[in-house]
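Report on the following structure.
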Amino acid sequence: MGTGFLLSLATLLLSFLFVHAQNPPEVKINRFENLPAKLYFFDDATYVAYHDPIRRDLYVSSDEGKNWQRVTDIPQGKTSLFIEHPFNNRMAFVLTQGTTHYRTEDRGQSWRSFEVPIPPSYVARPLSFHSDSSKYGYIIYQGTKCEREGGWSSMCHDETYYTKEAFSDDPKLLLSETSQCSFAHSSKDFKHEAHADLIYCVGFDTTSSTGYHSISSSRLFSSTDFFTSEKRIEDLGINRGARGIVAFAIVSKYAVVALKDLSGAAGSEMLLYVTVDTRTWAQAQFPHASSARLRENAYTILQSTTHSLAVDVVLNDSGAVGTLFVSNSNGTYFVESLKDTNRNEVGFIDYETLYGVDGVGLANIVANAQDVEGRDVSKELKTLITFDDGSSWSPLRPPSEDSEGHRISCDASDADSCSLHLHSVTIPHNFGRIFSSPAPGFVMGVGSIGGALRPYEESDTFLSTDAGVTWSMVRRDAHKYEFGDQGGIIVAVNDEETVDFVIYSTDLGKTWKTLQLGVHIRARALSTVQDSTSQKFLLLGQLSRQDATDEGRVASIFIDFAPMGRRKCGDDDFERWYARTAKNKECLMGHKQWYRRRKLGADCYVGDKFSDPVEHEEDCPCQDEDYECDYNYVRHGSSCVPVGPEPIPAGVCKNPDQTYEGSSGYRIIPGNTCDRNKGAKKDDPIKKKCSQAQPEEGNVIHQTFEFPAPIVQHAYFKESTTILVRLEDASVWQSSNEGYTWDRLFPDETFLAFYHHTFTPDRAYLITSTAKFFYTTDTGRSWNYQNAPKPPNTFGAQVLHFHPEHSDWIIWTGDEGCGGGGNNCHAEAHYSRDNGRRWALVETYVRNCAWARDKGLLVDPSQILCESFRDKTGSQRFFQMGTNPLQLVGGSNFFAKKSKIFDEIVGFTKFSEYLIVAEYLPEQRSLDLQVSLDGHHFATGQFPPTMRPEQHAYTVLESSTDSIFLHMTTSEPPRPYWGTILKSNWNGTYFGASVENVNRDQRGFVDFEKMIGLDGIALINVIANPEAAAVTGTKELQTRITHNDGGSWKPLNPPKYDSHGQAYDCRSASCALHVHGYTERFDPRATFSSPSVVGLLMAVGNVGEKLAPYAESDTFLSRDAGFTWEEVHKDAHLWEFGDSGSILVMANDEEPTDHVLFTTDEGLSWREYKFSDEKIRVRSIVTVPSDTSRRFILLGAYGRSLAAVAVHIDFSSLTSLQCKLDIEDPGHDDFELWSPSEERSERCLFGRQTLYHRRRRDRNCVVGTQPKAKENIVKNCPCMDSDFECEFNHVRNADGKCVLVEGTQPRPDDDSCRGGEQYWYERTAYQRIPHSTCEDGERPDRGRRHLCPGVAAHGPFFWLFVLLVPFAFTTLVAMWYYKRSGLATGTIRLPGSDVRPRFGASDAGFVETLASVPWFIVGVAAVAFEAVAEWARGATLSLRTQRGYRNVPVDEDAQILRFADEEE
């Protein structure tokens, strides 16, 4: 009996084992001819759609891919596009190339046809859906309408239709001439109170007979009645300036508009406007704006959370490297999150957030970004992870063992050489997400361990079960992978070679089993249902030749793990898994996040099919990071400071001595759920004095701050309300609210100077007495420190030089060996391409090193120029001119390839498009002026015989009109300083005298100033008594003005009456207005004119025969660019322009004062505001550099102390009325059209009649920061005498005629023919002013006419050949450039929107017309254009402007002097 029992037990055991051995996962193979364009699993259903793009057929499976049937309701070969309904999981659509399309309402089991008037548009998604469950039938259809024009040509444009019943009704026309339309309610996350039927359309406000539109006609339209009677133009808060719309998208909770800046000042820069409520739009603000420009085709909006928007921006020309920016909660202010992100040529970024785990994301950076950008080497990629939504990033911690249990020889403590790196989005190897799935916390990737990412074929497969905190290697080699059963099953297939098996794991990768497939395939995709809750998988692959059949070579392999018969998990098999376990990163947006997940060791299946993992939240105590700055406050370091007085309700404050409860400056981030009762309560109201509140309308307020020492340096960030001040005690102070409050920066440091980045307006650098320096990239909101290679130099050289295109490229000039009076003390220059993190030596024993490239000087970006001493030994402090020559050395490739340019120089300077070198010739003991436009080839400046620079100092003056203005000193000690202003031809090689006896001072500064905003207008002071002054030493000055760029100079017209209405005693011809100039200013930045109001000038001077002393002068104003003047107040005053000239402020400049004067009607009436009971000696009045604010700072000192005092005066509450500007209907707004030629006998200036908008003088309104109207060139005028100046070696005589200087020779004739000209002309005594655009009319610059050789002789066949050959050449260039570059242009990528408007025949230039070329030839057209453009950049130079003085004296300790505003 015992034996029988044992036999029965053995039989039972064998039976049990046999049963389980007979139930492996089920495998079924189906064959297709082609891989799918789309493989779509209907959400929460077993239905799958397979679209064959070659045969244009659709197949549907009702059992997750086990069995397939071709859809017979749709004719064969008609399925062009499959589109699922994103909000109805039963509905999908098939679009054909015609007007008959198909719809399913039962997940593909049956299909019904519907008709639309026109075929679909060639965009990624021609259908747009409504997200409201009651309006799932609301669909927008984008189509293309073409009309034949005869022959082969057709004119096409896009039209948009809508349906309310999912095409069961007849579609109705929504709007014509569109490029994109979508419902405002098209995202579950974009929650707002807008009308349920609100629709946005990007379209054109003009019709086109050519099919193409100017980009300026592209608008964002909206309607709530399907455009039947309502058609609004969304002004985005910029009124009628909202033109040039390129794209629109709804991303997470944000609606985003990409708009091209059509102002002409920013090139092809793009602007982003964002709204979270459909009512208020705001421009997205990026840090370091000049480098983070949103250039067309160069940014990507990424996966974004519901509390921040992520944008990747290309900051270099290669397009291969970007920078990731993350926004605040309303999507308007961005901070830099990650530098050097990896991009591919179509704009995809190696960045992915983990599904279901807030704040965690993976990104790849280019570790050798500098070499990739500069030398075109291969990328070295590193993977980083963030656990706090991009606030910080860290390397991936590598596993210590490989998949076979062997120890990995890698020092994990050295993250630079030992971390985990993963392949990402730019090279996808599967459908869907790269790393994560809805399975909570499970992350997989293919990558490698080491210093950088290895090629895919050399990589292995890794797994994390805790959302990226820790990792393990689960398989050797690269694999495709997929999660099923909420992570309970992991399936992987080798992705490097052909295989006949897959591997799977049911214990989270600890052990793996092999499943034979029965065929050999090269895996192409591995997928499952959308929520990863099924035990069924679908593997797609290409069959090997021996396994292929007539049915097709693509295998769809269905794998089902349900037959394995595992038990279903019970409650004890689950645990609470917290999504973020990284230290100090557990809480995000005020809560912890956890899921119910199967325990790692549980041997069971979850089985809750189509049940998405449920997210649970636990609120955390409120901490600092849960708060953001409240309205009217801005971030400054770790604090929020007010931008100005706080607005309060009327009646709260009745007198200034009362208190009120106001904002603390903080608010909880919208959507944050932190528990205030258990944490910080930073948003509790605080008591404040009523004097700090915003006053009632019509009132002015002020705030006074006393510094502990005198001010030695102060400057605003160029495009900000933040100002820096350095005191005599070496401290630096900052105000982020225009002087309303002040903070001392780093009290323990000693600061020698600060520099604002010349080209990137929100960067600044604080220079200490050591190698340590501090920098900001966000206008002082935060400061960081770096170490320079050497302490700052003590030789007077500029410590920092900046690059015009690459914000991170800087040059530092420091001391070496100078401690204790070293014998080899000298200056060394180093450069950095990462803002000071790493440095490389440029040159030793230098006086000055700088980037050769400038805004207008478009030379090699990597070229560096150095003033370098020939003999590099001894102490540089004792070097003298003549004993150790100062050479000019240039080096490309960051000075790696250097060469000597000149043997001995006095100095060099860059100016506009010119590189100017003062070469010293020791044999002749004289100077030559060398000028270059490319940094390599130089031409010697040719001067009139009496004006050679051999023994003269000269100062290079500002110019914006295609010429160099040069002041050459002709009188110097023991006589007073003065000289002659010379003006060059267009390339800076020939100089002619413009005006003599122009005043200068001992520093080399000249009484010469050009008017800001109007070319060709300048003011000078000349010596009226040169003979007497040479003897007495006393100069008598008179003022002159030019309105034709120095072609002629005239006295200033005096006003008839003074500010009291009394007539001036000014009857003689020698009586004029004279004003004090640049040489007498305490602050050189106090210019006559303002960039914000064209034509307005203010000056201190007098009416008479000569300039009176400053203390005897009065204050004058001109509204018409200096043609007419009026006295606005007695006595000399300091002045400042505010709010684009709508307010002017003055303070007495002769003695201490306790009040200011201000006017809102440009001097017609003045009011007084008292700001102190104790008088202050005001030294300067400052406001934001753009002069667009109504807040001013008086800087000065009380008489009782030398310490500085700052008085913030706020005129913002004078009026709240906003000025209205209507460009399309001038004369019916608050502005007027004005021309600088109105007051002249000649109606044109520089050969053209130009109109400008300016605020009407009698309108009391706020201009603010609204976009200004562009200048409007009405017409080019016939040439007249004022369009010409004297030729080289000619001067104007007493009659105003140009005559040859005695003893000189005219320049030889130029018989070269350029630009297709038919004739050339002999030279005369005149030349046309380079900046003039006059046409026809008088041409005194033309002598006898001669026919250009060989032009008229060619017949029609020659010209046909000339015209055809370039087209063939361009095609060859295109093909070559396409292969060489890989079409390396970026893309504007807005999620859900791959459409671009069609632009053409554009006033914005040829680049826009490329977008109108049919899609299939855009690639070749683009690269052809890029190849030509690349050649053109090397052959031509655009002419841009730059303001500033340069002085190159001839004395032995010569230095180039600059004033603070020179680089602006």
Side-chain angles (χ1 to χ4, degrees), residues 370 374 750-755 757-758 765-775 785-803 806 808-853 862-881 883-910 1453-1456 1458:
Q370 295 181 2
T750 298
F751 293 105
L752 304 180
F754 66 77
Y755 289 88
H757 197 295
T758 312
Y765 301 78
L766 309 180
I767 310 301
T768 72
S769 56
T770 68
K772 184 179 183 181
F773 69 92
F774 294 82
Y775 69 93
Y785 74 89
Q786 291 284 4
N787 287 310
K790 306 291 179 183
N793 74 85
T794 54
F795 294 92
Q798 186 171 320
V799 177
L800 280 172
H801 284 277
F802 306 102
H803 198 281
H806 301 276
D808 284 349
W809 292 14
I810 56 179
I811 294 176
W812 175 283
T813 304
D815 271 352
E816 170 61 23
C818 296
N823 294 328
N824 291 304
C825 173
H826 63 274
E828 286 187 356
H830 293 74
Y831 77 90
S832 171
R833 287 190 281 164
D834 52 14
N835 205 33
R837 287 190 285 273
R838 290 167 293 183
W839 296 91
L841 178 66
V842 177
E843 183 74 302
T844 62
Y845 284 87
V846 299
R847 195 181 68 177
N848 178 38
C849 285
W851 301 103
R853 196 174 182 92
S862 69
Q863 185 180 2
I864 297 174
L865 296 173
C866 284
E867 298 170 6
S868 178
F869 288 99
R870 183 191 64 190
D871 303 327
K872 301 184 182 302
T873 183
S875 176
Q876 186 174 328
R877 298 194 188 282
F878 304 111
F879 289 174
Q880 293 183 358
M881 191 174 183
T883 59
N884 190 359
L886 186 66
Q887 300 176 333
L888 181 64
V889 181
S892 60
N893 195 16
F894 306 99
F895 222 68
K897 301 176 181 178
K898 65 179 181 178
S899 60
K900 181 176 61 177
I901 302 175
F902 291 104
D903 290 324
E904 189 166 0
I905 65 170
V906 173
F908 79 89
T909 185
K910 298 173 295 177
D1453 57 344
Q1455 294 188 17
I1456 295 179
R1458 301 171 169 88

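Only heavy atoms go into these numbers, but all of them, side chains included; no hydrogens, no water, no symmetry mates.
When every heavy atom of A829 is checked against every heavy atom of I811, the shortest pair comes out as CB-CG2, 4.4 Å. Pairing each heavy atom of C866 with each of V842, the nearest pair is SG-CG1, 3.7 Å. Considering all non-hydrogen atoms of both residues, A850 and K910 come closest at CB-NZ, 4.4 Å. A pairwise comparison of heavy atoms in E828 and T844 identifies OE2-CG2, 3.4 Å as the closest pair. For N793 against T813, the heavy-atom pair with the smallest separation is ND2-O, 2.9 Å. Closest of all the heavy-atom pairs between L865 and G890 is CD2-CA, 3.8 Å.
For residues 890-907, the salt bridge (charged side-chain N to carboxylate O under 4.0 Å, His left out) pairs, not counting sequence neighbours, are E843-K898, K900-D903.
T873 contributes atom OG1, which lies 5.5 Å from atom CG of N824 (distance to the nearest 0.5 angstrom). If you take NE2 on H803 and CZ on R833, they are separated by 10.5 Å, rounding to the nearest 0.5 Å. Remark: H806 NE2 to S862 OG distance equals 9.0 Å, nearest 0.5 Å. The line from CZ of F869 to CG of L886 is 5.0 Å long, rounded to the nearest 0.5 Å. Remark: T758 OG1 to H801 NE2 distance equals 9.0 Å, nearest 0.5 Å. Atom CD1 in I767 sits 4.5 Å away from atom CG in L800 (nearest 0.5 Å).
In this structure, F894 has its ring center under 6.0 Å from that of W809. A centroid separation of 6.0 Å or more is found between the aromatic rings of H830 and W839. You'll find the ring centres of Y831 and W812 outside the 6.0 Å limit.
In terms of modelled atom types and a separation under 3.5 Å, the side chain of Q876 and the main chain of V846 share a donor-acceptor contact.
With sequence neighbours left out, H826 forms a ring-ring contact (aromatic ring centres under 6.0 Å, His included) with Y845. Remark: Y755 engages no residue in a ring-ring contact (aromatic ring centres under 6.0 Å, His included) (not counting sequence neighbours). The salt bridge (Lys or Arg N to Asp or Glu O under 4.0 Å) test applied to E816 returns K790, not counting sequence neighbours. Residues that satisfy the ring-ring contact (aromatic ring centres under 6.0 Å, His included) test with F895, not counting sequence neighbours, are absent from this structure. For Y775, there are no ring-ring contact (aromatic ring centres under 6.0 Å, His included) partners at least two apart in sequence or on another chain.
Side-chain contact between E867 and I905 is present, with at least one heavy-atom pair separated by less than 4.5 Å. Looking only at side-chain heavy atoms (C-beta outward), Q863 and R853 stay at 4.5 Å or farther from each other.
For the residue pair T794 and D815, a side-chain donor N or O sits within less than 3.5 Å of a side-chain acceptor on the partner.
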Quiz item: Stepwise, does the side chain to side chain contact (heavy atoms under 4.5 Å, CB included) test hold for F908 with N848?
Solution: CA-CA 9 Å; F908 79 89; N848 178 38; 3.7 Å; yes
Quiz prompt | Steps toward side-chain hydrogen bond (donor to acceptor under 3.5 Å, both in side chains) verdict (S832, D834) | solution = CA-CA 6 Å; S832 171; D834 52 14; 2.8 Å; yes
Exercise. Could you please spell out the steps behind the side chain to side chain contact (heavy atoms under 4.5 Å, CB included) verdict for V889 and I901?
Key: CA-CA 5 Å; V889 181; I901 302 175; over 6 Å; no
Practice problem: List the steps, then state whether ring-ring contact (aromatic ring centres under 6.0 Å, His included) holds for Y765 with F802. | Solution: CA-CA 11 Å; Y765 301 78; F802 306 102; 5.3 Å; yes
Quiz item: So N823 and S875, side chain to side chain contact (heavy atoms under 4.5 Å, CB included) or not? Walk me through it.
Solution: CA-CA 5 Å; N823 294 328; S875 176; 5.8 Å; no
Quiz item: Yes or no on side chain to side chain contact (heavy atoms under 4.5 Å, CB included) for R870 and N884, after CA distance, side-chain angles and deciding distance?
Solution: CA-CA 6 Å; R870 183 191 64 190; N884 190 359; 3.7 Å; yes
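Cation-pi geometry between R877 and F795 is met: under 6.0 angstrom from the ring centre, within 45 degrees of the axis.
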